[in-house]
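Report on the following structure.
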Amino acid sequence: MDWGMKNRLSKIIKPKDGRTVMLAVDHGYFMGPTSGLEQLDKMVNPLLPYADTLMLTRGALRNYIDPTCDIPIVLRVSGGTSIIGKELLHEGTVVSIEDAIRLNASGVAYSILVGAEFERDTILGMTQYIDEAERYGIPVIAVTAVGKEMVRDARYMSLASRMAAELGAHIVKTYFVKDFEKVIESCPVPVVIAGGKKQPEAEALKMAYDAIHAGAIGVDMGRNIFQSSNPVGMVKAVNAIVHKNATPKEAFEVFKGNKK
Ligand code: R5P
């Protein structure tokens, strides 16, 4: 691995403990003005001090984020379908590698949809992007998206995660499922979990804790933070789980503002 790749990876995964809190606010690329992100800058700016990485689209980056801020960026580079279209997640490349470099991305995120009719398109799109990104030392995060008709279990997540790693992804983002250790054991690259739909805060914190203790190196969490009744409290609580080994109970106290 070359120096640039290692350096960029260290911006995403903190070398002090090998973990990361990725704040995901890229939802607009297929969901439009997602609840909580209508005025993305107002929501995101207060959360940045507690996140290690910001994952978003190039349009959100250009329009809402101050270029002098020092948070490392993971740029969403796949897309092409919407939540109301017929082929949700049949994605292809929507940002060139040159633009990712111009925007000083520390990494890029590309979705694949294993098991769907069009899995081949998404997988070849990702591998082509990995070839381009490796030319410039930019890590690729494979987002193992799950179609509505697919079963979210350890077998499926292991399949999708291992495939993504074998095909060259540097980090895999997947969903937390029962027996998550099995997903981790068979994936040779670092794994982060997506938060998924909004849940009660205590449940989301328990999920983050269980994922970390099963071997995930962090979270790439969006709605469970920015749709929370207390987004700043929630990102602080998630940070406490990821970086300070807080228990779900301790983290819930952080969320409520009772504990630093
Ligand atoms: C989905 O593919 C998007 O990339 C989201 O960023 C991702 O799902 C994480 O956000 P959430 O925690 O809201 O699921």
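Here the structure is a predicted model, which is why all the values come from computation and not from measurement. In listed order, ligands and their atoms are each counted from 1.
No part of Val25 comes within 4.0 Å of ligand 1, judged by heavy-atom distances. Contact annotation for Tyr175 and ligand 1: only side-chain heavy atoms (C-beta onward) come within less than 4.0 Å of the ligand. At a heavy-atom cutoff of 4.0 Å, ligand 1 is contacted by no atom of Lys197, backbone or side chain.
Checked options Ile13, Ile212, Ile241, Val192; the residue passing with Arg19 is Ile212 (criterion: side chain to side chain contact (heavy atoms under 4.5 Å, CB included)). The residue from Leu40, Asp26, Leu56 that alone fulfils the side chain to side chain contact (heavy atoms under 4.5 Å, CB included) condition with Leu61 is Leu56.
At under 3.5 Å, a nitrogen or oxygen of Arg76, whether backbone or side chain, sits near a nitrogen or oxygen of ligand 1. Considering both main-chain and side-chain atoms, Ala194 never comes within under 3.5 Å of ligand 1 through any nitrogen or oxygen pair. The shortest N/O to N/O separation between Gly196 and ligand 1 falls below 3.5 Å.
Using modelled atom types and a 3.5 Å distance limit, the side chains of Arg8 and Ser10 yield no donor-acceptor pair. If you check the side chains of Thr144 and Tyr175, you find no donor sitting under 3.5 Å from an acceptor.
The pair Glu201-Lys198 meets the salt-bridge criterion, since a charged nitrogen lies less than 4.0 angstrom from a carboxylate oxygen. The existence of a salt bridge linking Lys256 and Glu253 is confirmed by a sub-4.0 Å separation between a basic side-chain nitrogen and an acidic carboxylate oxygen. Using a cutoff of 4.0 Å between basic side-chain nitrogens and carboxylate oxygens, Asp210 and Lys206 are scored as salt-bridged.
Residue, atom and distance of the protein heavy atom nearest to atom 10 (O) of ligand 1 are His27 NE2, 3.1 Å. Regarding atom 5 (C) of ligand 1, its nearest protein heavy-atom neighbour is Asp26 OD1, 3.3 Å.
The closest heavy-atom contact to atom 7 (C) of ligand 1, among the options Met221, Lys173, Gln227, comes from Lys173.
Against a heavy-atom cut-off of under 4.0 Å, Arg223 is close to the following atoms of ligand 1: 11 (P), 12 (O), 13 (O), 14 (O). Each of the following atoms of ligand 1 lies closer than 4.0 Å to a heavy atom of Asp220: 9 (C), 12 (O). For ligand 1 and Met55, the ligand atoms under 4.0 Å from any heavy atom of the residue are 4 (O). Numbered from 1 in the order shown, with element, the atoms of ligand 1 that lie under 4.0 Å from a heavy atom of Ala24 read 6 (O), 9 (C), 10 (O).
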May I have the step-by-step check of salt bridge (charged side-chain N to carboxylate O under 4.0 Å, His left out) for Lys182 and Asp153, ending in yes or no? CA-CA 10 Å; Lys182 291 188 181 152; Asp153 61 13; over 6 Å; no

Should Leu75 and Arg58 be marked as a side chain to side chain contact (heavy atoms under 4.5 Å, CB included) after you check the CA-CA gap, both sets of side-chain angles, and the distance that decides it? CA-CA 7 Å; Leu75 197 66; Arg58 67 174 162 190; 4.1 Å; yes

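Not a single heavy atom of Asn224 sits closer than 4.0 Å to an atom of ligand 1.
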